[in-house]
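I'd like to ask you about the structure that follows.
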Amino acid sequence: MYVCGPTVDNLPHLGHGRFTLVWDVARRWFTFQGLRVHYVSNITDIEDKIIARARRESRSEVEVAAQFEAEWWDAMDRLGVIRPDDTPHATDYVPEMVELIASFLARDVAYVTSDGVYFDVSKVPDYGLLAGQPLESLRAGARVEENDEKRSPLDFALWKNAKPDEPSWPAPFGEGRPGWHTECVVMSLDLLGEGFDLHTGGLDLKFPHHENERAQAEAAGRIFSHHWAHHGWVMVGDDKMSKSLGNFTSLTDLLAKTDARAYRLLVMRSHYRSPIEVSPSSIADAERALERLDALARRFDLPALGGDRFELASSQPWAEESLELYERVVAAMNDDLNTPLAVAELFDALSAANASADEGHLAAARRLAQAVNSLFGAMGLSLVAGSHVLDEVAERLVRERDAARAARNWADADRLRDELVVRGWIVEDGASGTLVRRP
RNA sequence: GGCGGCGUGGCCGAGUGGUUUAGGCAGGGGCCUGCAAAGCCCCGUACUCCGGUUCGAAUCCGGACGCCGCCUCCA
C-alpha cells in the first residue's frame, strides 16, 4: 500500500495525525488478519513552500526539510504509528522522474513552455476517472489561468525550470526541479511494482493529485494501483483545517498535553471517510472512554499490547466467549474498515466482561477481557494497567489504612485516604484492601 | 456552473425496509460500599422537512431546505 505522505515544510498538524492513524490501524489490521503488508509512504522534501520558508529564514531547503522531517517522525513515534517499510524522498528520485518526463516528451504526451514542462491531459482518454467527471466538465470549472502557454488549464507541471537561488537538477529539457505530481508515480511503481493494491491519501488529493498520478502511469503504459481510498478531514468548527486557511493546530502541541492513545481512539470512533472535529471536548470524551479501557486492564491485569509487535489473529486463543466478539469485529473491520462499529463491539464486550466478573465467573470474564485487549492491540491501541509501584510513604499509608479499616476506625481510614490523595494517588478499595495508582 | 458528501436522541457517532438494545461521553435513578472510587443494572425511545412506494421507512424513490468539500497549494 502506498500512503501519500507529508510535505515537510512545517510542523505536522492534526490532519496528518488523523490520516497516519487511520492507515496505521488499517495496516495493523491487514497484518493481524494474516496479509503481508508492504507499506510505503513518501516524504516530499522539495516543494514551493519549503523553498519559501528557506528563503524567509535564510537557510537551505535541505535544512528546512530535515528539521520538519525530524519533527514528523518524532510525532509519529509518539502517536504509536509504525514506521513505513519504505519512506522514499522526492529528491532521491529526480533522475527517475527526469527519465519519465523525457519519455512523455518523446511521445508528445508532454510539451515544453517557457517555464517548464507540462503534461497534456488530453492525451489520456479517461482523464477524470477518479474525479468522476469527464475532461470537458472539469475544464469548465477550472479557474482562470494566468499561464496562457498551457494548452489546457488542467495541464500540470511535470518540471519547473530553474530560477536563481533555487535548488535545481540537470535534465535534457533544462535545469529545474520536478513538479509535485510526478514523484508518487515514480516512487510507488519503483518500490511496489505495477498493480499494487492500495493507494491512499486525503480527499483533496483525489483530484487533481491522484488523477494526475494515474494519468502519468496510464500514459507510461504502467498498471497502477488497483484500489484507491481517501480519508476525510479534520475540521475546525465548520471549516476544513487547511494550510490556506491557516487554522491548523500542530500535532506536536496536541501530543504535548494529551495521551496519544486518546487521539487514536477518537480517530477510530469515526469512519475514515467522515470528517472529524477535534476539540477540547471531543478529546476529553475520548480520554474518559480510555479510562474505562485502562480500568479493564487493571481489573484483569492485562498486558499492554499494540506496540510494533505484530500478532496474527490465527495465533490467538479465541475461546468460547471471545470467538463471537472476534467474528463481530472482523465483520466490522472487513466492511470498509468500520472502526466505529468495531469499537462499539469491543465496549459491549468490556461491559460483558465486567458483568461476568461481578457474577463471579472470573475465568470466563478474563478470557473475554483478554480478547478485548488483543483486538484493541491489533489496532494499535494499548490498554494500560498503569503503575502500582508504591513509594515507602504510600506503602505505609496503605498499610495503616487497611489496619484502620479492619478496626472499623472510619475516621482514620478516611484521613489516610485523604493523605494518599494529596500525594497524587487515586485510591480504590478492592477485595484485598486499599488499592492505589497514579492517574 | 459541474461533480461529490452529509443532515440520527444534550454532545460524539454506527446502522439501514419490520424481530431486543448500536456504542461512547454527559445527565438521572438504583445495586454494591462504613463512606467513596471502580464495576454492574435501569432510564432518553432519536433519525431535517414534505410527498410517494410498501402491510410496514430513519432506511427505497421524488422534491424542498440546510451544511460541507473538490474543480487552485493542501492530508
Side-chain angles (χ1 to χ4, degrees), chain A residues 3-7 9-10 12-20 22-23 41 44 47-49 52 128 130-134 136-145 153-154 156 180 200-209 211 230-235 238-245 248 265-266 268-271 273-277 279 281-282 284-293 295-296 298-299 332 335 338-359 405 408-411 413-414 417 421 426-430 434-437:
Chain A
V3 177
C4 259
T7 298
D9 68 311
N10 208 334
H13 58 63
L14 297 183
H16 292 120
R18 193 233 180 141
F19 93 78
T20 49
V22 160
W23 300 118
S41 189
T44 298
E47 199 266 344
D48 292 357
K49 284 191 289 294
L130 283 179
Q133 294 193 74
E136 269 323 300
S137 78
L138 283 167
R139 187 195 299 251
R143 301 187 189 185
V144 182
E145 185 63 49
L154 297 170
F156 56 92
W180 177 47
T200 83
L203 219 37
D204 52 355
L205 299 190
K206 193 170 176 181
F207 189 89
H209 184 58
E211 188 70 50
H230 296 97
H231 56 263
W233 315 122
V234 168
M235 306 293 288
D238 287 333
D239 295 314
K240 169 190 171 190
M241 173 177 290
S242 73
K243 291 186 180 176
S244 56
L245 291 177
F248 64 89
L265 184 58
L266 174 62
M268 286 167 63
R269 288 205 304 180
S270 73
H271 188 87
R273 281 187 275 101
S274 303
I276 58 170
E277 180 160 353
S279 64
S281 85
S282 68
D285 186 309
E287 282 175 327
R288 284 187 216 104
L290 191 59
E291 278 172 30
R292 278 188 74 197
L293 297 179
L296 187 80
R298 279 198 304 280
R299 181 169 194 177
D335 181 11
N338 192 338
T339 53
L341 182 56
V343 169
E345 300 290 1
L346 288 165
F347 268 93
D348 245 357
L350 174 147
S351 294
N354 277 319
S356 168
D358 284 356
E359 286 162 19
R405 293 188 69 222
R408 308 186 67 80
N409 181 351
W410 309 128
D414 289 349
R417 175 165 58 197
V421 169
I426 291 171
V427 182
E428 292 172 13
D429 292 345
T434 300
L435 297 171
V436 298
R437 63 185 165 92

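Note on naming: letters A, B, ... go to the chains in the order of the sequence lines (proteins, then strands), and numbering restarts at 1 for each one.
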Could you tell me whether a side-chain N or O of A:Thr200 sits under 3.5 Å from a main-chain N or O of A:Val3, the two making a donor and an acceptor?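 No, the answer is negative, given that no donor and acceptor are paired below the 3.5 Å cut-off.
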
Could you list the residues that satisfy salt bridge (charged side-chain N to carboxylate O under 4.0 Å, His left out) with A:Glu428, not counting sequence neighbours?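 By the salt bridge (charged side-chain N to carboxylate O under 4.0 Å, His left out) rule, A:Glu428 matches A:Arg437.
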
When the C1' atoms of B:G13 and B:A46 are compared, how many Å lie between them, rounded to an integer?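 To the nearest whole Å, 13 Å.
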
Using atom CD of A:Glu345 as one end and atom C1' of B:U21 as the other, report the distance to the nearest whole Å.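 So the CD-C1' distance, A:Glu345 to B:U21, works out to 12 Å.
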
Which nucleotide, B:C71, B:G13, B:C68, lies nearest any side-chain atom of A:Phe207?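 Of the candidates, B:C71 comes closest.
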
Could I get the full list of salt bridge (charged side-chain N to carboxylate O under 4.0 Å, His left out) partners for A:Arg139, not counting sequence neighbours?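 Applying salt bridge (charged side-chain N to carboxylate O under 4.0 Å, His left out) to A:Arg139 gives A:Glu136.
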
Run the side chain to side chain donor-acceptor pair (under 3.5 Å) test against A:Asp414 and tell me which residues pass, sequence neighbours left out.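 By the side chain to side chain donor-acceptor pair (under 3.5 Å) rule, A:Asp414 matches A:Arg417.
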
Which value, in whole Å, describes the distance between the P atoms of nucleotides B:A64 and B:C41?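 After rounding to an integer number of Å, I get 47 Å for this pair.
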
Is there a side-chain polar atom (N or O) of A:His16 under 4.0 Å from OP1 or OP2 of B:A75?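 The answer is yes; a side-chain N or O of A:His16 sits under 4.0 Å from OP1 or OP2.
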
Sub-3.5 Å donor-acceptor pair from the side chain of A:Glu211 to the main-chain atoms of A:Ala131, do we have one?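 Looks like yes, one N/O pair under 3.5 Å.
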
Which dot-bracket string fits RNA chain B when only Watson-Crick or G-U wobble pairs with both atom distances under 3.5 Å count, crossing pairs get [ ], and | stands for a partner on a different strand? (((((((..(((.....[....))).(((((.......)))))....(((((..]....))))))))))))....

On RNA chain B, does the nearest nucleotide to A:Ala344 precede the nearest nucleotide to A:Phe19 from the 5' side, or the other way round? Give the residue.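 The residue whose closest nucleotide sits nearer the 5' end is A:Ala344.
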
Sequence-aligned protein contact record of nucleotides 31-43 of chain B, with B where the base is within under 4.0 Å of a protein heavy atom and S where only the sugar-phosphate is: ---BBBBSSS---

Side chain of A:Leu138: nearest nucleotide among B:C71, B:C74, B:A75?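 Of the candidates, B:C71 comes closest.
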
Rounded to the nearest 0.5 Å, how far does CG of A:Leu203 lie from NE2 of A:His230?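 Answer rounded to 0.5 Å: 7.5 Å.
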
Is it the case that the base of B:G23 and the side chain of A:Asp348 share a donor-acceptor contact (distance under 3.5 Å, atom types as modelled)?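 No, the side chain and the base share no sub-3.5 Å donor-acceptor pair.
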
Starting at CZ of A:Phe156 and ending at C1' of B:C71, how long is that distance when rounded to a whole Å?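 In whole Å, B:C71 C1' lies 15 Å from A:Phe156 CZ.
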
For A:His209 and B:C71, what is the distance between atoms NE2 and P respectively, to the nearest whole Å?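 One finds 13 Å between P of B:C71 and NE2 of A:His209, rounded.
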
Which of these nucleotides, B:C11, B:G23, B:G69, is closest to any side-chain atom of A:Phe347?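 Out of B:C11, B:G23, B:G69, the nucleotide with an atom closest to A:Phe347's side chain is B:G23.
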
Length of the CG-P vector between A:Leu265 and B:G23, whole Å: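 Distance, rounded to whole Å: 16 Å.
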
Is A:Ser279 close enough to B:C11 that one of its side-chain N or O atoms is under 4.0 Å from OP1 or OP2 there?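 Answer no for this pair, as no side-chain N or O of A:Ser279 is under 4.0 Å from OP1 or OP2.
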
Do nucleotides 3-8 of chain B as a string where each nucleotide becomes B, S or -: B if the base has a protein heavy atom under 4.0 Å, S if just the sugar-phosphate does, - if no protein is that close. S-----

Closest to side chain of A:Pro340, choosing from B:C73, B:G13, B:C11: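 Selected nucleotide: B:G13.
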
